[in-house]
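Since the structure comes first, as structure tokens, the remarks are kept for the end.
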Amino acid sequence: PKDYDPRRATSPLLLALPDADEPPAQHLRTHWIHGELLERAILVCPTLPADVSSWDQVAVNGRPAGLSHVLTALDHALETFAVDFERVVVVGRGRSVAAALAAANHAPQRFAGVVGRAGDAGQLAPDNFSNLPTLFAQAGEHAVAFQKALKALGNEGCQIEAQDDEAAVWAWIQKHPRVTRPKDVSLVAGKPWPTRAYWLRIAPSSPEASALATLDRAANTIRVSTHGVSRVTLYLDDALVDLETPVRVLVNDVEHKGVLARSLMSTLELLRDGTSDPACMYVVEASFDATGAAS
């Protein structure tokens, strides 16, 4: 924004992914022209590899692929600019819609939502999108299938529009801040990522690893059920549970109960490694066996 001042305020960040054979500068000049959006949001557009088929992958034959470019650009933008961490949105256009979805699947806790403009969704299952809203503008049959699969998981937050209207996209982005501390977290591990979603991390012990975690703050209780997982790690703060009193954690019906002490060392380390961010500071890191062993 022309009046951008990092000392005074933070701004929404739009990670805008270009279409195939579209240089970043051309993409921004052509598809991001809405006046209010340009006055209020930071736009970052990475260069993607020539091989479009690699855009939704981290690496191919040991070399960084499209997803590496996307996530590196995101990290650089978050370190460089005064970003509102509750309003970081990844937007794909054309062939990069699938890459935008792959980025959100890789780290759902980092985004407020995903937008696809004038392109289809690809083959990715929405297992890790239980707390992520999505908007598809001028999409295709894969976006419709994605929406139906999300509804089957209980997520009604997928919107499909017939036209790609930039003003409508900006209005949707403003209405959807990040779900920072969801009550329910569903996580299906990838190959090899993701292994974390929001306040839950798993250590997979099989290729089909998955976990479902539910938090009941009134009862100060967390329930985690897993499949193909050897260990569960929870990242907590006082907004998620009452850390002044014992927290009850049930992992595959094995109960662990005790006071989880805040740790300054853990707090700083989780911020340093990117597990926490300025809008969500975890103060406890607690791990539990998921194989049925006693505490």
Does a side-chain heavy-atom distance below 4.5 Å link V247 with V259?
no
Is it true that the side chains of S230 and T291 contain a donor and an acceptor less than 3.5 Å apart?
no
Do N220 and D242 have a side chain donor and acceptor closer than 3.5 Å?
no
V70 versus L17: any side-chain heavy-atom pair under 4.5 Å?
yes
Residue pair S266 / S263: nearest heavy atoms and the distance that separates them:
N-OG, 3.0 Å
side-chain hydrogen bond (donor to acceptor under 3.5 Å, both in side chains) between T226 and N252, worked out:
CA-CA 7 Å; T226 70; N252 297 327; 2.8 Å; yes
Check the hydrophobic clustering (I, L, V, M, F, W, Y; side-chain heavy atoms under 4.5 Å; chains of links allowed) and say if V60 and L71 are grouped together.
no
Could you check whether N155 and S130, counting side-chain N and O atoms only, form a donor-acceptor pair closer than 3.5 Å?
no
Please find the pair of heavy atoms, one from H176 and one from R87, that lie closest to each other, and give the distance.
C-NH1, 4.2 Å
Ignoring hydrogens, what is the shortest heavy-atom contact between A279 and E86? Give both atom names and the distance.
CB-CD, 3.8 Å
Would you mind telling me which of L212, V185, I222 makes a side chain to side chain contact (heavy atoms under 4.5 Å, CB included) with L200?
V185
Residues R262, E285: salt bridge by 4.0 Å N-O rule:
no
Could you go through E166 and H31, starting from their C-alpha distance and side-chain angles, then the distance that decides it, and tell me whether this counts as side-chain contact (heavy atoms from CB on, under 4.5 Å)?
CA-CA 8 Å; E166 187 185 354; H31 302 296; over 6 Å; no
Are L271 and L78 connected, step by step, through hydrophobic side chains (Ile, Leu, Val, Met, Phe, Trp, Tyr) whose heavy atoms are closer than 4.5 Å?
no
Applying the 4.5 Å side-chain criterion to the ILVMFWY set and letting contacts propagate, would V188 and V224 be lumped into a single cluster?
no
Please work out whether the ring planes of F146 and F129 are parallel, tilted or perpendicular, with thresholds of 30° and 60°.
perpendicular
Are side-chain N/O atoms of D127 and S186 paired as donor and acceptor at under 3.5 Å?
no
With a 4.5 Å heavy-atom cut-off, do D19 and S96 have their side chains touching?
no
Less than 4.5 Å apart, side chain to side chain, heavy atoms only: is that true for H34 and R40?
no
Other residues, nucleotides, ligands: >12 heavy atoms within 6.0 Å of D253 CG
no
Could you check if a side-chain atom of P12 sits within less than 4.5 angstrom of a side-chain atom of V88, using non-hydrogen atoms only?
no
When you compare the side chain of R110 with that of D75, does any pair of heavy atoms fall below 4.5 Å?
yes
Under the criterion side-chain contact (heavy atoms from CB on, under 4.5 Å), I'd like the reasoning laid out for S11 against Y4: C-alpha separation, chi angles, the key distance, then a yes or no.
CA-CA 8 Å; S11 303; Y4 169 77; 4.2 Å; yes
Is L28 isolated, or which residues cluster with it under the ILVMFWY side-chain rule of less than 4.5 Å, directly or via members?
L14, W32, L37, L38, L43, V89, V91, V115, L135, V169, W170, W172, I173
H106 meets the ring-ring contact (aromatic ring centres under 6.0 Å, His included) criterion, sequence neighbours left out, with W193
Is there a side-chain contact (heavy atoms from CB on, under 4.5 Å) between R178 and Q109? Walk through the geometry before answering.
CA-CA 8 Å; R178 178 174 65 167; Q109 65 279 351; 5.5 Å; no
Does a salt bridge link R117 with D164, judged by any charged N lying under 4.0 Å from a carboxylate O?
yes
Taking the six-membered ring for Trp, are Y198 and Y235 ring centroids under 6.0 Å apart?
no
Would you say that Y282 contacts L240 through its side chain, given a criterion of any heavy-atom pair below 4.5 Å between the two side chains?
yes
Is V232 linked to L250 within one hydrophobic cluster, defined over Ile, Leu, Val, Met, Phe, Trp and Tyr using a side-chain heavy-atom separation of less than 4.5 Å?
no
I'd like to know if W199 and V179 are part of one continuous hydrophobic network [Ile/Leu/Val/Met/Phe/Trp/Tyr, side-chain heavy atoms within less than 4.5 Å].
no
Given D120 and R95, is the salt bridge (charged side-chain N to carboxylate O under 4.0 Å, His left out) satisfied, shown in steps?
CA-CA 8 Å; D120 213 355; R95 296 289 297 276; over 6 Å; no
Using every non-hydrogen atom in the two residues, find where A98 and D56 come nearest and quote the distance to one decimal.
O-CB, 4.2 Å
Which atom pair, heavy atoms only, marks the closest approach of E22 to H27?
OE1-ND1, 3.0 Å
Can you list the steps and then say if V44 with F81 is a side-chain contact (heavy atoms from CB on, under 4.5 Å)?
CA-CA 10 Å; V44 172; F81 303 113; 4.3 Å; yes
Flag the pair D216 and R223 as a salt bridge only when some basic side-chain nitrogen lies within less than 4.0 angstrom of an acidic carboxylate oxygen.
no
Looking at E39 and K2, is any side-chain nitrogen of the basic one under 4.0 Å from a carboxylate oxygen of the acidic one?
no
Please determine whether the number of non-hydrogen atoms from other residues, nucleotides or ligands lying under 6.0 Å from atom CG of D3 exceeds 12.
yes
Taking the side chain as everything from C-beta on, heavy atoms only, tell me whether P1 gets closer than 4.5 Å to I42.
yes
Distance-only polar pair, side chains of Q163 and E161, donor-acceptor under 3.5 Å
no
Please find the pair of heavy atoms, one from C158 and one from L150, that lie closest to each other, and give the distance.
CB-CD1, 3.7 Å
